[in-house]
Amino acid sequence: MKKYLLLFRVILLLLAFHIVSEFSIATLATTLSTPNIVRLDSRANAIVPADAVLEKIADGFSWLEGPVWNRAERFLLFSNVPDNEVLKWKQGEAVSVFLKPSGYTGKETFEGKEPGSNGLSFDSQGRLVFCQHGDRKISRLEKTGSSTTVVDHYNGKRLNSPNDVIFKSNGDMYFTDPPFGLPKSFDDPNKELEFQGVYKYSKNGILTLLTGELKGPNGIAFSPDEKQLYVSDYTGAAWFVFDVRQDGSVFNKRLLLDANGQKKNGPGGPDGMKVDQRGNIFAAGPGGLYIIAPGGRILGRFDFGVPIGNCAWGEDGSTLFIAANTALYRIRLTTRGAGF
């Protein structure tokens, strides 16, 4: 009898352990799937309000990138890269297709995973300028609805797959050109350039290679005074900063922050970024969006547990939109985007 009683107690203990374990796993899964605000430095409190919330405003996409805010008409555009489309979000309306195809316009089936557009920007005339992975170029959407190629070659060779694009206040365009949009990336047989470039395309139509040193240049942003240029290196797992000369060229490359120590926070790597009026960098990185001070210290993170594509300032300049894998989020901050 004692033997059966002991066996019964063991079974109860095992059952209780199983229930607790299941509860713990479920709780952990819920925690990981819920975005979290992490404050690592007291300076983060002057950026992120105590009651700030990461609000999911759209979901169910394939892989989101390149959000950009249209100030004149008050809507957000963003790339759904694998589905070859630019989508439109506007408060109170359903998400709609703004442009399709957005990155690959060929007739044959695209062999790779990312045929669509990536980085998006607006020029001084309010025209959408977009990086086209599949077509390996940067194009501009005219007011008539037609598309114009802005740049697609360097020294007679096709670009890799332009990734992100920004404009300097004087109208010059800067962009990164890793091979991530090519079907076989670095090993693609159709890759014509031996390097991954960061370029300046002047308003006069001159394309200049700023640097070919980075392994996988991705996100790009200026400091508020445009004296520094930040570039993320996805393959090299780092964020770099360059000084900018009067003619727009760059020099004095240096490491801003090594991302290898952040890989414990989740998948993904250094990707798109934006800067606020105080010079803080909001940078996509492993598992989340990082708030990085100009000196390179991480002030805080928005943890998502998934790869992050990019972010964008919108609304009155204090709302930050975040492309988090398959979903789109926004958060109200007490800072404003540079240029707002």
Side-chain angles (χ1 to χ4, degrees), residues 34-39 43-61 64-80 86-96 98 118-122 126 128-130 164-167 169 219-224 230 271-285 287-294 298-304 306-340:
T34 303
N36 185 36
I37 299 172
V38 179
R39 301 167 192 269
R43 285 174 286 178
N45 297 325
I47 298 170
V48 186
D51 60 350
V53 175
L54 285 161
E55 176 193 5
K56 185 189 291 186
I57 57 175
D59 199 356
F61 308 105
L64 299 186
E65 262 286 7
V68 64
W69 180 255
N70 185 307
R71 296 194 206 180
E73 300 182 49
R74 300 188 59 77
F75 61 76
L76 186 83
L77 297 179
F78 55 100
S79 297
N80 189 18
V86 171
L87 300 175
K88 173 184 174 182
W89 175 91
K90 190 171 186 177
Q91 184 70 47
E93 298 181 6
V95 172
S96 59
F98 182 83
N118 197 304
L120 310 175
S121 189
F122 286 108
L128 180 68
V129 176
F130 51 110
D164 203 3
V165 57
I166 58 173
F167 284 91
S169 60
I220 186 168
F222 279 110
S223 61
Y230 300 105
D271 209 311
M273 66 180 95
K274 296 295 183 293
V275 176
D276 72 4
Q277 291 181 341
R278 305 168 191 170
N280 299 303
I281 304 121
F282 293 74
L289 191 79
Y290 293 68
I291 306 173
I292 306 172
I298 299 175
L299 305 182
R301 293 191 314 270
F302 301 138
D303 276 349
F304 291 90
V306 297
I308 306 299
N310 208 331
C311 60
W313 299 105
E315 298 182 336
D316 64 352
S318 289
T319 295
L320 189 68
F321 291 90
I322 304 168
N325 197 19
T326 63
L328 185 67
Y329 288 80
R330 69 176 171 182
I331 184 170
R332 290 287 297 171
L333 303 174
T334 50
T335 184
R336 291 170 67 86
F340 268 86

From CA spacing to verdict: side chain to side chain contact (heavy atoms under 4.5 Å, CB included), Leu320, Trp313: CA-CA 5 Å; Leu320 189 68; Trp313 299 105; 3.8 Å; yes

Side chain to side chain contact (heavy atoms under 4.5 Å, CB included) evaluation trace for Phe98 with Leu120: CA-CA 13 Å; Phe98 182 83; Leu120 310 175; over 6 Å; no

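Note that CD1 of Ile281 is 7.5 Å distant from CE of Met273, once rounded to the nearest 0.5 Å. For the atom pair CG (Leu299) and OH (Tyr290), the distance works out to 13.5 Å, reported to the nearest 0.5 Å. To the nearest 0.5 angstrom, Leu64 atom CG is 7.0 Å from Thr326 atom OG1. Separating the CG atom in Leu87 from the CG atom in Asn80 is a distance of 5.5 Å, to the nearest 0.5 Å. Here the straight-line distance linking atom CD1 of Ile166 with atom OH of Tyr230 works out to 11.5 Å at 0.5 Å rounding.
For Asn310, the side-chain hydrogen bond (donor to acceptor under 3.5 Å, both in side chains) partners are Asp164, Lys274, not counting sequence neighbours. Remark: Phe122 pairs with no residue by the ring pair (Phe, Tyr, Trp, His ring centres under 6.0 Å) rule, at least two apart or across chains. Not counting sequence neighbours, the partners of Ala52 by the side-chain contact (heavy atoms from CB on, under 4.5 Å) test are Ile37, Val48, Pro49, Ile331. Applying the side-chain hydrogen bond (donor to acceptor under 3.5 Å, both in side chains) test to Asp271 and every residue at least two apart in sequence or in another chain returns nothing. Applying the side-chain hydrogen bond (donor to acceptor under 3.5 Å, both in side chains) rule to Ser169 yields the partners Glu226; only residues at least two apart in sequence or on another chain are considered. Partners of Ala338 according to the side-chain contact (heavy atoms from CB on, under 4.5 Å) rule, which considers only residues two or more places apart in sequence or in another chain, are Pro224. For the ring pair (Phe, Tyr, Trp, His ring centres under 6.0 Å) test, residues two or more places apart in sequence or in another chain that qualify with Phe61 are Phe78. When the salt bridge (charged side-chain N to carboxylate O under 4.0 Å, His left out) test is applied to Lys56, the partners found at least two apart in sequence or on another chain are Asp59. Not counting sequence neighbours, the partners of Val38 by the side-chain contact (heavy atoms from CB on, under 4.5 Å) test are Asn36, Leu40, Arg301, Asp303.
Between Ile322 and Leu54 the shortest side-chain heavy-atom distance falls below 4.5 Å. A heavy-atom distance below 4.5 Å is not found between the side chains of Ile308 and Phe302. In this structure the side chain of Ile47 reaches within 4.5 angstrom of the side chain of Arg278, judged on heavy atoms.
Between the side chain of Ser79 and the main chain of Val86, no donor-acceptor pair closer than 3.5 Å is present.
Taking every heavy atom of both residues into account, Ala284 and Leu289 meet most closely at N-CD1, 3.5 Å. Summarising the geometry of Val95 relative to Ala58, their closest heavy-atom pair is CG2-CB, 3.9 Å, with the distance given to 0.1 Å. Pairing each heavy atom of Val165 with each of Gly119, the nearest pair is CG1-O, 4.0 Å. Minimum heavy-atom separation, Glu65 to Ala323: N-CB, 4.2 Å.
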Atom pairs and distances, donor-acceptor, side-chain atoms in residues 66-77, under 3.5 Å, two or more places apart:
unit_1: Asn70; atom_1: OD1; unit_2: Ala72; atom_2: N; d: 3.1
unit_1: Asn70; atom_1: OD1; unit_2: Glu73; atom_2: N; d: 2.8
unit_1: Arg71; atom_1: NH2; unit_2: Gly339; atom_2: O; d: 3.3

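A salt bridge (charged side-chain N to carboxylate O under 4.0 Å, His left out) check over residues 326-340, counting only residues at least two apart or in different chains, returns the pairs Glu55-Arg330, Glu315-Arg330, Asp316-Arg332.
Taking the centre of each ring, Phe304 and Tyr329 come in below the 6.0 Å mark.
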